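Residues: numbered from 1 along the sequence shown. This structure is a prediction, so every number in the text was calculated from the model and none was measured. Basis for what follows: all heavy atoms, side chains included, without hydrogens, waters or symmetry-related copies.
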Amino acid sequence: MLKSYLFESDRLGFRSWETSDLDNLAELCADPDVMAYFPKTLNLEESKVFLQRLQEMYLREGLTYYAVELKSNSQFLGFIGFAKQEYEAEFNPSIDIGWRLLPKFWKQGYAYEGAQACLEYGFTQLNLKKVVAVCSISNSKSERLMQKLGMRRKGSFKHPYRKNFPPLEACCWYEIKK
């Protein structure tokens, strides 16, 4: 069956979320390696709420952290995409780019390929003028990806949503403009 995607890269298809994605999203968000730089893993109910938020974000904003699949076999990899951010920080309100992939898909270039495709889509189809990215200071893999994407480090800050999680509170932020 040929899938219809919002946009594609060479190997990946990007789409909005379906209710049937819950099990895949729950697996992703329950993985301790995937969630190592977040305050906690998510249980099934928390993943369901997150899925609803992703669906509503797409309907309201026209963007989301898109569900990502391998085009060759429709296998779910995780998500890569955008979210509007309004928490207290010098760069907000902003549109950020973020990613989470299942560990079996790490170290295969999917995050870079997918983030590149998202940025192209965001700048050409969504008419974004700039995109930011945020990660914990300790998350060197995400920071390297931001650099590889051509994003420029703009500064560091204490993330207000992580003040109860001191090891994750110190974050850096990057920016790329159209």
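- Distance check, rounded to the nearest 0.5 Å: OH of Y161 to CD of E169 gives 14.0 Å.
- Judged by distance alone, the side chain of K71 and the main-chain N or O of D10 form a donor-acceptor pair under 3.5 Å.
- Under the 4.5 Å side-chain contact rule for hydrophobic residues, L145 and V132 do not share a cluster.
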| message | As a quick check of understanding, evaluate side chain to side chain contact (heavy atoms under 4.5 Å, CB included) for I80 and Y110, giving each step before the final call. | response | CA-CA 10 Å; I80 305 171; Y110 293 127; 5.9 Å; no
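- Scanning both residues, E18 and Q55, for their nearest heavy atoms gives C-NE2, 3.6 Å.
- Contact detail for F123 and K178: the closest heavy-atom pair is O-NZ, 3.2 Å.
- A donor-acceptor pair is defined here as one N or O able to donate and one able to accept, closer than 3.5 Å; such a pair exists between the side chain of S9 and the backbone of L12.
- A distance of 8.0 Å separates OG of S142 from OH of Y37, quoted to the nearest 0.5 Å.
- Counting only heavy atoms from C-beta outward, the side chains of N164 and P39 never approach each other to under 4.5 Å.
- In terms of heavy-atom proximity, F82 sits nearest to L63 at O-CD1, 3.6 Å.
- If you chain together hydrophobic residues whose side chains sit under 4.5 Å apart, L77 and L149 fall into the same group.
- Just one of W99, F14, F76 meets the side chain to side chain contact (heavy atoms under 4.5 Å, CB included) condition when paired with V68; it is F14.
- To the nearest 0.5 Å, atoms CD (Q75) and CG (N24) are separated by 9.0 Å.
- Expressed to the nearest 0.5 Å, how far CD1 of I97 lies from SG of C118 amounts to 5.0 Å.
- Nearest heavy atoms, A26 versus L44: CB-CD1, 3.7 Å.
- The cationic group of R144 does not satisfy the cation-pi geometry with Y112, failing either the under 6.0 Å distance to the six-membered ring centre or the 45° limit from the ring axis.
- Relative orientation of the Y66 and Y58 rings is perpendicular, given thresholds of 30° and 60° on the angle between their planes.
- Linking ILVMFWY side-chain heavy atoms closer than 4.5 Å, directly or via other members, places L119 and W173 in two distinct hydrophobic clusters.
- Between R15 and D21, at least one side-chain nitrogen of the basic residue sits less than 4.0 Å from a carboxylate oxygen of the acidic one, meeting the salt-bridge criterion.
- Put simply, CG on D23 and CG on L28 are 12.5 Å apart, with the number rounded to the nearest 0.5 Å.
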| request: Apply side chain to side chain contact (heavy atoms under 4.5 Å, CB included) to the pair C172 and V134, showing each step before the final yes or no. | output: CA-CA 6 Å; C172 59; V134 169; over 6 Å; no
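- Of the charged side-chain nitrogens involved, none lies within less than 4.0 Å of a carboxylate oxygen, so that R152 and E175 do not count as a salt-bridged pair.
- Counting non-hydrogen atoms of other residues, nucleotides and ligands closer than 6.0 Å to CD of Q52 gives a total above 12.
- Hydrophobic clustering places M57 together with F50 (ILVMFWY residues linked when any side-chain heavy atoms are closer than 4.5 Å, directly or through intermediates).
- A donor-acceptor pair is defined here as one N or O able to donate and one able to accept, closer than 3.5 Å; such a pair exists between the side chain of N92 and the backbone of Y87.
- Shown here for D33 and D31, the closest heavy-atom pair between the two residues is N-OD1, 2.8 Å.
- Although no hydrogens or angles enter the test, the distance criterion places no donor-acceptor pair under 3.5 Å between the side chain of W17 and the main chain of E56.
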| said: Q85 vs I95, test: side chain to side chain contact (heavy atoms under 4.5 Å, CB included). Steps then yes/no. | reply: CA-CA 6 Å; Q85 300 294 346; I95 302 295; over 6 Å; no
| Taking it one step at a time, do C29 and L25 satisfy side chain to side chain contact (heavy atoms under 4.5 Å, CB included)? | CA-CA 6 Å; C29 294; L25 183 63; 3.9 Å; yes
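- For the 3.5 Å distance criterion, the side chains of D96 and Y174 fail to qualify, holding no donor opposite an acceptor.
- Criterion: ILVMFWY side-chain heavy atoms under 4.5 Å apart, direct or through other members. Under it, Y65 and L70 are part of a common hydrophobic cluster.
- For the pair E143 (side chain) and C135 (backbone), a donor-acceptor distance under 3.5 Å is absent.
- Ring-plane geometry between H159 and F157 is classed as tilted, the angle between the planes lying from 30 to 60 degrees on a 0 to 90 degree scale.
- Nearest heavy-atom pair across L168 and A36 is CD2-O, 4.1 Å.
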| Verdict with reasoning, E46 to K40, per salt bridge (Lys or Arg N to Asp or Glu O under 4.0 Å) | CA-CA 11 Å; E46 291 165 326; K40 66 184 205 82; 2.5 Å; yes
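- Interatomic distance, CG of L126 versus CD of E120, reported as 11.5 Å (0.5 Å rounding).
- For R162 and S136, the side-chain atoms include at least one donor-acceptor pair closer than 3.5 Å.
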